[in-house]
Amino acid sequence: MATTSMQRPDMSLTDGAAIRLRDIRKSFGSIEVLKGVSLDIAPQEVVCIIGPSGSGKSTLLKCINLLQPPSSGTIIVNGVELTAPKADVNKARSTVGMVFQHFNLFPHVDILQNVAMALTTVKRMPKREAERIARMQLERLELGALIHKRPADISGGQQQRVAIARALAMEPEVMLFDEATSALDPELVKGVLDVMKELAHSGMTMVVVTHEMGFAREVADRVVFMDDGVIAEQGVAREVLTAPRSPRLQEFLSQVL
Amino acid sequence: MDAFIHTFFDIGEMLKVFPTLLTEGLKNTLFIAVLAALLGLVIGMVLAMMLLSRSWFLKFPARLYVDIFRGLPAILTISLVGLGLPAADIRPFGRSPIGYAVLAVALISAAYCAEIFRSGIQSVNDGQMQAGRSLGMTYLQTMRKIVVPQGVRNVLPALTNRFIIDIKESSLVYLLGLTVGQRELYFIAHQQQAISYNSSALVAAGICYLMMTVPLTYLVNAWDRRLREGRRSLKLKPATRLSEV
């Protein structure tokens, strides 16, 4: 049992939580960016992580799918302990979608292939089936007209929505958003936020690192405020954002709102 | 002045060698250069992956190889491989010098290609690797499908430059003693010059080399310009994050 539990989802590991982080620490050289972060995220919960630059929020997000392996601590996603020595990290990652600040679309292939590529390589789908799913996913996000264009030929907002489609095509159980609207021109932000809202309402488990306080207030079930590598305050979105308890969060909110 | 023209531009001398240059020399020069370049690309790509590896056991041998073969004069490597190996009873290509010639030029080319590929792959934004890995693709899948294709595109001009050098270096294999039918451009001209004491044959061979290398040079420049323009239009718009203003 001990050997199979690493591969097979075992939700009892986390008392039903979709994501469980326990005492996550991460250092780059002598600088400790995460100083012991623990966080449970329930299925279908939408958690927004806010905080000043350099507070470790993006690093924490990238720890969840091990793009940044933590220096120590335990990560359990969908019942699989990713920090176990023999965990199948690639398989686990395919169930965790990620959207990046700079979109990170693949510039050398068209939009359709951007979405279909992981389906053929990771899920070993036949090309035709992968393209059918990619097309469907793109049409759902109203990007059907763009499938034969290259990323460089569409707007930033469209690129980010393609990136969301690319992640959704893998049918993830969790979606991670790393400042998904920070690199967009102001007029393009709303389109991306709308897609994220819709996704939240559809019941997707989401962890969203964001500077969009309006989005956090409206969509998040919970807001986590990070400061200097630790969770400084967290709670129900409306309460945390309107009546912050810690002086640091009060100061932070007075600067961004 | 007459002596100068007679020595370098004697039309009669040139016409004497041109047919052999075109039917035998050009063919063999291209055979050696193309085969060596292809082999160099394959070995170079493997070396580049080793250079980029985090494992010391892969990185160190590749580094050693690249440093040695980039640091040696081409003529020395060609002598070591073409004269040395058969003398040491290592004869994968029998007694024909062509195989050794291709191998020698390929080994040199591989060292340069390795560095070209490495820099090309490293020039690809780290976000591409992160995006591939976040979708569940393995390191090698992400390299093969996403990073390497972009990296190679960035270094196509540099690789073509290396091919031009392969063409020129293929002339050095003359010292392996080529027989009739195997002779490349330089060796044919060299033999004719030794007979007639007239350098016009060498000029004729030079013209043949230039017919290949000059168009390639212009191709490289055009390519380079296009890539640089393409990159400019791909540039990201600056972030508009109010909280950081």
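Proteins get letters first, then strands, A, B, ... in listed order; numbering begins at 1 in each.
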Side chain, backbone, both or neither of Phe100(A) within contact of chain B (heavy atoms, under 4.5 Å)
side chain
Around atom OH of Tyr65(B), are there more than 12 heavy atoms of other residues, nucleotides or ligands at under 6.0 Å?
yes
Judged by atom type as modelled, is there a donor-acceptor pair below 3.5 Å linking the side chain of His108(A) to the main-chain atoms of Lys145(B)?
yes
Rounded at 0.5 Å granularity, tell me how far CG in Leu135(B) sits from NZ in Lys123(A).
10.5 Å
Would you say Phe57(B) has more than 12 foreign heavy atoms packed within less than 6.0 Å of its CZ?
no
Of the backbone (N, CA, C, O) and the side chain (C-beta and beyond), which part of Lys62(A) lies under 4.5 Å from a heavy atom of chain B, both, or neither?
side chain
Nearest 0.5 angstrom please: Thr142(B) OG1 to Met117(A) CE, how far?
9.5 Å
Counting only non-hydrogen atoms closer than 4.5 Å, does Gln128(B) touch chain A with its backbone (N, CA, C, O), its side chain (CB onward), both, or neither?
both
Have a look at Ser134(B) and tell me which of Arg166(A), Met98(A), Met170(A) forms a side chain to side chain contact (heavy atoms under 4.5 Å, CB included) with it.
Met98(A)
From Thr121(A) OG1 over to Ile146(B) CD1, what is the distance, rounded to the nearest 0.5 angstrom?
7.0 Å
Of all of Val122(A), Thr95(A), Leu105(A), Asn65(A), which one pairs up most often with chain B through heavy atoms under 4.5 Å apart?
Val122(A)
Could you tell me whether Glu171(A) atom CD has more than 12 heavy atoms of other residues or ligands within 6.0 Å of it?
no
Assess, by modelled atom type and distance only, whether the side chains of Arg133(B) and Asn90(A) contain a donor and an acceptor separated by less than 3.5 Å.
yes
Assess whether atom NZ of Lys149(A) is packed by more than 12 heavy atoms of other residues, nucleotides or ligands within 6.0 Å.
no
